[in-house]
Trainee: 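Sharing a structure below in structure tokens format, with a few things to ask.
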Amino acid sequence: MNILVVNCGSSTVKYELLSMNDNTDNQVIAKGLVERIGIPGSRLEYKTNHQVSYSKEREVPNHRIALEWIIEVMTDPEIGVIKDPSEIDAVGHRVVHGGEKFTASILIDDEVLKTIRACSELAPLHNPPNISGIEACQALMPKAPQIAVFDTAFHGTIPEYAYIYAIPYEYYEKFGIRRYGFHGTSHRYVAGRAAKMMDKDPSKLRLITCHMGSGVSFTAIKNGKSIDTSMGFTPLEGLVMGTRSGDLDPYILLYLMEKENLSTKEMDQILNKKSGVVGISGISSDTRDIEAAAPTNHRAQLTLDIIAYRAKKYIGAYYAILGDLDGIVFTAGIGENSSYIRKTICEGLEPLGISIDKDKNTVRRREAFINSEQSKVKLMVIPTNEEFMIALDTYQLVHDLER
Ligand code: AMP
């Protein structure tokens, strides 16, 4: 079954065409992205499993035109991988916010689309482009079932006492203000891989999954279910991120807004775009730049110290709520690559049975154990693969429909 995975951002469409079957030899046939949609200089990148690599500029005013272009190259007689769009059997869409309604992936119909639209209030930057992508694919591939896979869905098992904030309860009832959590598809994927690596039943494992990329979130997973996660009502809460603050005393907002006479929009920019790694260091949002600068720059070193310190606090907290711990997984850009950050997070946690192996920890971008022999807790590097997870959900749901 050929499955197209579509991930629409405000000015991008990332895509992957996968051939899925009941065995384990699923393959990526083609992938790439269209960027700068609606901005001068739009371009498409395209790669196939037959070594074709193609990149071109063209005006792309909206997501519909972007998807038309993607289908055009995939069906091109010379560089294409399929002959006709009808060879795409189903489409899996990444949808950021599923609210409280969607706790699993679902076949999109009019009612589902209406509910996704209603969730846009909770994710005004993310859900509208996701909806544009769904509508474009419905128009371009009317026969292919469209499946929505939600970033929030995996966290649908978080108990009420972990998702309710200690503000007047009426705001939960009135506006749905609660912890939702994000990166769910990534946490679910790496937790599944961790169970495979450990050769254990996922329903018997206690894990902390650390998704550390430009966005950062940790999840406590007990018996295969998310029981708490660091991102909250929005992806701003939790750990230190590239440009986002993570946790802070909420009064700081009020204080700063008054002192600097800031509008909500300006405060939003500060918290989402000017804080975190770039805010503390004043250098860059990219931890590679910070690691390079740290030996001679106090604020760069301070940034790395804060990242590790805050990560330790979350690991300690999640260890406590899990009651015990079998494994910690590091994933995404930083988690998969930075030996230094992984090491500094784990250092000092030996009394908790967490002990990293210096040599094994040099690994990058591949699945590996990085714990020492005596470590009670397994430490793993697992490259995330949200596209594969979306394709797998799509495959399974379409299979169920056909039965
Ligand atoms: P992602 O959002 O998962 O694509 O991760 C992107 C981030 O990963 C970048 O902003 C970098 O901060 C970080 N990153 C990627 N490679 C490395 C590396 N080799 N060392 C440290 N950080 C890295």
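Throughout, residue positions are numbered sequentially from 1 according to the sequence presented. Counting convention: from 1, in listed order, for ligands and their atoms alike.
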Trainee: Report the residues that fulfil side-chain hydrogen bond (donor to acceptor under 3.5 Å, both in side chains) with Asn49, sequence neighbours left out, ordered by chain and then residue number.
Mentor: Gln27
Trainee: List every atom of ligand 1 that sits less than 4.0 Å from any heavy atom of Ala332, numbering the atoms from 1 in the order shown and giving each element.
Mentor: 3 (O)
Trainee: Could you tell me whether Gly333 and ligand 1 have an N or O pair separated by under 3.5 Å?
Mentor: yes
Trainee: Parallel under 30°, tilted from 30 to 60°, perpendicular over 60°: which one fits the rings of Tyr46 and Tyr15?
Mentor: parallel
Trainee: State whether any protein heavy atom lies less than 4.0 Å from atom 22 (N) of ligand 1.
Mentor: yes
Trainee: Judging by distance only, is a nitrogen or oxygen of Ser214 under 3.5 angstrom from one on ligand 1?
Mentor: yes
Trainee: If we only count N/O pairs under 3.5 Å, is Thr287 in contact with ligand 1?
Mentor: yes
Trainee: From the options Ile341, Asp286, Asn337, Thr384, select the one whose nearest heavy atom is closest to atom 9 (C) of ligand 1.
Mentor: Asp286
Trainee: Could you tell me, atom by atom, which parts of ligand 1 come under 4.0 Å of a heavy atom of Gly213?
Mentor: 1 (P), 2 (O), 3 (O), 5 (O)
Trainee: Give the contacting part of Arg364 toward ligand 1: side chain, backbone, both or neither, where contact means a heavy-atom distance below 4.0 Å.
Mentor: side chain
Trainee: To check your reading of the model: name the closest protein heavy atom to atom 20 (N) of ligand 1, its residue, and the distance in Å.
Mentor: Arg288 CG, 3.5 Å
Trainee: Do any heavy atoms of Glu336 fall under 4.0 Å from ligand 1?
Mentor: no
Trainee: Ion pair present between Glu72 and Arg58, side-chain N to carboxylate O less than 4.0 angstrom?
Mentor: yes
Trainee: Return the orientation label for the Tyr180 and Phe233 ring planes: parallel under 30°, perpendicular over 60°, tilted otherwise.
Mentor: tilted
Trainee: Out of all atoms in ligand 1, which are within 4.0 Å of some heavy atom of Glu291? Include the element for each.
Mentor: 21 (C)
Trainee: Check whether the ring centres of His155 and Phe182 lie less than 6.0 Å apart, and answer yes or no.
Mentor: no
Trainee: With under 30° as parallel and over 60° as perpendicular, where do the rings of Tyr314 and Tyr318 fit, or are they tilted in between?
Mentor: perpendicular
Trainee: Could you tell me whether Lys14 and Glu387 make a salt bridge, using a distance below 4.0 angstrom between a side-chain N and a carboxylate O?
Mentor: no
Trainee: Do NZ/NE/NH1/NH2 and the carboxylate oxygens of Asp393 and Arg188 come within less than 4.0 Å?
Mentor: yes
Trainee: Would you mind checking which non-hydrogen protein atom is closest to atom 13 (C) of ligand 1, with the distance to 0.1 Å?
Mentor: Ile334 CG1, 3.5 Å
